A.B. asks: 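Before we start, here is the structure in question, set down as structure tokens.
Quantities reported herein were computed from a predicted structural model and do not represent experimental measurements.
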Amino acid sequence: MSVWKRIGNLFAKPAPPMTEKSMLALAPGDICEVSLVSYEVTGRVGNRGRNAVVLTLQDGSRISYLLVEERETLQYQWYQPIDGRLDDPTEVPSQMELDGTEYFLDEEYGGYVSVVGKTPFLQGGEQHVWQYQSDDGKLLRIEWQNGRFMLYEGVKVISADVKVIRAN
């Protein structure tokens, strides 16, 4: 290394420190950990109006979904897809019974979503969501987009159980 390069390096500004990527900013190819299990992010459905994303996570052949929503703090909900069928989005009930568990409508909303990677819906667009909760804390989520329903059963996850392992 020449003397001039060494002198130039002495006066050069140091590189800015790398900021850790938030769970809201994860994209396909990133790795995260949920409850001590590492997952690859394979898809992302983002709702900017709610400052929320649903990450499609894959661990081997198993696919799960993590809802990350920023309110006062980051809120996490862990979902598994379930089989079920509804016919019409205007007829979604406010109470549902599933496998002996009674779910009550907690929140209903709609909004425009953007889609990246492998997700249940192939493209972005207007999406309608119904979120239910049971008395024992179980969650049920119904999504409707482009004439298709998806149903998920899940639980809330504390923020200490979720972290970014590697972000591109």
A.B. asks: Distance check, rounded to the nearest 0.5 Å: S134 atom OG versus L98 atom CG?
C.D. replies: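 Going from OG on S134 over to CG on L98, the span is 10.5 Å.
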A.B. asks: Compute both the distance and the angle, then confirm whether R48 meets the cation-pi test with Y112: under 6.0 Å from the six-membered ring centre, within 45 degrees of the axis.
C.D. replies: no
A.B. asks: May I ask you to test the V162-L66 pair for a side-chain heavy-atom distance under 4.5 Å?
C.D. replies: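 Yes, close enough: below the 4.5 Å cut-off.
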A.B. asks: Would R44 and L55 count as a side chain to side chain contact (heavy atoms under 4.5 Å, CB included) if you check the C-alpha gap in whole Å, the side-chain angles of each, and the deciding distance to 0.1 Å?
C.D. replies: CA-CA 5 Å; R44 169 192 170 91; L55 301 172; 4.2 Å; yes
A.B. asks: Looking at side-chain heavy atoms only, is the closest gap between W144 and Q127 below 4.5 Å?
C.D. replies: no
A.B. asks: Look up atom OG in S35 and atom CD1 in I158, then write down how far apart they are to the nearest 0.5 Å.
C.D. replies: 8.0 Å
A.B. asks: Do Q131 and Q133 have side chains that get closer than 4.5 Å, going by heavy atoms?
C.D. replies: no
A.B. asks: For the hydrophobic clusters of this structure (ILVMFWY residues joined by side-chain heavy atoms under 4.5 Å, transitively), does one cluster hold both V164 and V53?
C.D. replies: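 Cluster IDs for V164 and V53 match.
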A.B. asks: Check whether any side-chain heavy atom of L74 lies under 4.5 Å from a side-chain heavy atom of V68, and answer yes or no.
C.D. replies: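 A side-chain contact exists here, since the closest heavy-atom pair is under 4.5 Å.
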A.B. asks: So W130 and F149, would you call those rings parallel, tilted or perpendicular, with 30° and 60° as cut-offs?
C.D. replies: tilted
A.B. asks: When you group the ILVMFWY residues by side-chain heavy-atom contacts below 4.5 Å and let the links chain together, are V41 and V157 in the same group?
C.D. replies: yes
A.B. asks: Verify, without hydrogens or angle tests, whether R50 (side chain) and G110 (backbone) share a donor-acceptor contact under 3.5 angstrom.
C.D. replies: no
A.B. asks: To the nearest 0.5 Å, what is the distance between CG (N51) and CD (Q75)?
C.D. replies: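 CD of Q75 is found 12.0 Å from CG of N51.
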A.B. asks: Given the rule in the side chain to side chain contact (heavy atoms under 4.5 Å, CB included) test, do E108 and H128 qualify, once you have shown the distances and angles that lead to the verdict?
C.D. replies: CA-CA 8 Å; E108 176 183 352; H128 205 83; 3.0 Å; yes
A.B. asks: Can a side-chain donor-acceptor contact be found between Y65 and Q77 if the only test is distance below 3.5 angstrom?
C.D. replies: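 No.
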A.B. asks: Between T56 and K118, is there a donor-acceptor pair closer than 3.5 Å when you use the side chain of the first and the backbone of the second?
C.D. replies: yes
A.B. asks: Is Q58 reaching over with its side chain to a backbone N or O of G60, donor-acceptor style, under 3.5 angstrom?
C.D. replies: yes
A.B. asks: Check the pair T101, D135 against side chain to side chain contact (heavy atoms under 4.5 Å, CB included), reporting the backbone distance first and the verdict last.
C.D. replies: CA-CA 9 Å; T101 303; D135 289 337; over 6 Å; no
A.B. asks: Would Y39 and W78 count as a ring-ring contact (aromatic ring centres under 6.0 Å, His included) here? Give the steps.
C.D. replies: CA-CA 13 Å; Y39 295 91; W78 182 248; 5.2 Å; yes
A.B. asks: Do E126 and N146 have side-chain heavy atoms sitting under 4.5 Å apart?
C.D. replies: no
A.B. asks: What pair of heavy atoms forms the shortest contact from G111 to N47, and how long is it?
C.D. replies: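 Distance-wise, the nearest heavy atoms are CA-ND2, 4.3 Å.
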A.B. asks: Write down the atom of P28, the atom of G117, and the distance for their closest heavy-atom approach.
C.D. replies: CG-CA, 4.1 Å
A.B. asks: Let me see the working for Y103 and E153 under side-chain hydrogen bond (donor to acceptor under 3.5 Å, both in side chains), right down to the final yes or no.
C.D. replies: CA-CA 11 Å; Y103 291 95; E153 201 171 29; 2.8 Å; yes
A.B. asks: For a 4.5 angstrom cut-off between non-hydrogen side-chain atoms, does E40 reach I31?
C.D. replies: yes
A.B. asks: Check A25 against D30 and note the closest heavy-atom contact, atom names and distance.
C.D. replies: O-OD2, 4.5 Å
A.B. asks: Looking only at heavy atoms, what is the nearest atom pair of S38 and D59, with distance?
C.D. replies: O-OD1, 3.8 Å
A.B. asks: Consider only side-chain heavy atoms of I, L, V, M, F, W and Y, link residues closer than 4.5 Å, and tell whether I142 and Y109 are in one cluster.
C.D. replies: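 No; tracing contacts between hydrophobic side chains, which count when under 4.5 Å, never links both residues.
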A.B. asks: Where is the tightest heavy-atom contact between L26 and C32, given as atom of each residue plus distance?
C.D. replies: CD1-CB, 3.9 Å
A.B. asks: Rounded to the nearest 0.5 Å, what separation is found between the NZ atom of K156 and the CG atom of L67?
C.D. replies: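 Separation between the atoms: 10.5 Å.
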A.B. asks: To the closest 0.5 Å, what do you measure between CD (Q80) and CZ (R62)?
C.D. replies: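 Going from the CD atom of Q80 to the CZ atom of R62 covers 7.0 Å.
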A.B. asks: Any chain of hydrophobic side-chain contacts (each under 4.5 Å) joining Y76 to L24?
C.D. replies: yes
A.B. asks: Check the pair L86 / V92 against side chain to side chain contact (heavy atoms under 4.5 Å, CB included), numbers first and verdict last.
C.D. replies: CA-CA 8 Å; L86 295 168; V92 175; 4.2 Å; yes
A.B. asks: Determine whether L151 and V129 fall in the same hydrophobic cluster, where Ile, Leu, Val, Met, Phe, Trp and Tyr are linked whenever their side-chain heavy atoms lie under 4.5 Å apart.
C.D. replies: no
A.B. asks: For the atom pair CD (Q145) and CD (E143), what is the distance rounded to the nearest 0.5 Å?
C.D. replies: 8.0 Å
A.B. asks: Show your reasoning for whether side-chain hydrogen bond (donor to acceptor under 3.5 Å, both in side chains) applies to D88 and T90.
C.D. replies: CA-CA 5 Å; D88 188 356; T90 61; 2.9 Å; yes
A.B. asks: Grab the two heavy atoms, one from L139 and one from V155, that are nearest each other, plus how far apart they are.
C.D. replies: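 That closest heavy-atom pairing would be CD1-C, 3.6 Å.
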A.B. asks: Applying the side-chain contact (heavy atoms from CB on, under 4.5 Å) criterion to Y132, which one of E102, E107, K138, M96 satisfies it?
C.D. replies: M96
